[in-house]
Amino acid sequence: MTTEITWLGHAAFKVTTAEKTILIDPFLTGNPAATVSADDVNADVILLTHGHADHVGDTIEIAQRTGALVVANFEIVTWLQGKGIENVHPMHIGGAHAFDFGTVKLTIAHHGSGLPDNSYGGNPAGIILKLADGNIYFAGDTALFLDMQLIGEAGLDVAVLPIGDNFTMGPEDSVRALKLLKPKTAIPMHYNTWPVIEQDTHDWATAVQHKTGSEPVVLEVGGTHQLGSK
Ligand code: NI
Ligand code: MN
């Protein structure tokens, strides 16, 4: 089976490989864009970019129910352990680790990371996920930064970027980001969940098509992109 990336709404994604189901930032309960319930998702692994409620989301409930391994920065992992989550793996920015499902590397992101109860959540991160079928970069919530050029050197099949503006980079900066990251495929996220981050994905896709070497793939919520396809 080819690796698939499914958008669960907002910044939540499900990556399904031949062996594993990996959730990224599983915010489903209270997510106006979500079409699946936290009770209905399976997970072997949960990856978190930062501590904000719209990213940590249902991590505790899903981890408790499924026993999924939670990978996040040290501060978030410590907070989760305090909530009774035992199957965890702390990392930090710049560090990579080879897991049985693939290699995770945390990158910089320019944003905040306070946890839902206002605990300190360390620094926010992006994630490079290296799988047998290709490399995916989840930028997390971030501004545009020039070091995306270094992240692109990993050789990216897919870059998942916020385009909502206001809390993160907007459409124009995401196009500039793609020029630095040079992924084969660009998938937008973190838009249209609430009115303040509404964006026109048709305009965005046209700009990506004309100004970058990347192929824009705008997913519907529940929609899937197969790694290696166009
Ligand atoms: Ni955030
Ligand atoms: Mn967010």
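Atoms within a ligand are numbered from 1 in the order they appear, just like the ligands themselves. Bear in mind that the values here come from a model prediction, so they are computed numbers and not experimental data.
Counting heavy atoms from C-beta on, the side chains of Asn123 and Asn73 never come closer than 4.5 Å.
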What's the verdict on side-chain hydrogen bond (donor to acceptor under 3.5 Å, both in side chains) for His10 and Thr193, showing C-alpha distance, side-chain angles and the deciding distance?
CA-CA 6 Å; His10 197 54; Thr193 319; 2.6 Å; yes
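Using modelled atom types and a 3.5 Å distance limit, the side chains of Thr21 and Asn42 yield no donor-acceptor pair.
If you put the vertex on the Mn ion (ligand 2), NE2 of His55 and OD2 of Asp54 sit 90° apart, to the nearest 10°. Angle NE2 (His190) to the Mn ion (ligand 2) to OD2 (Asp141): 90°, rounded to 10°.
Note on His52: counted as a metal contact of the Ni ion (ligand 1), an N/O/S atom lying under 2.8 Å. Among the atoms of Asp141, an N, O or S atom falls under 2.8 Å from the Ni ion (ligand 1).
Salt bridge absent: Asp40 and Arg65 never bring a charged side-chain N and a carboxylate O closer than 4.0 Å.
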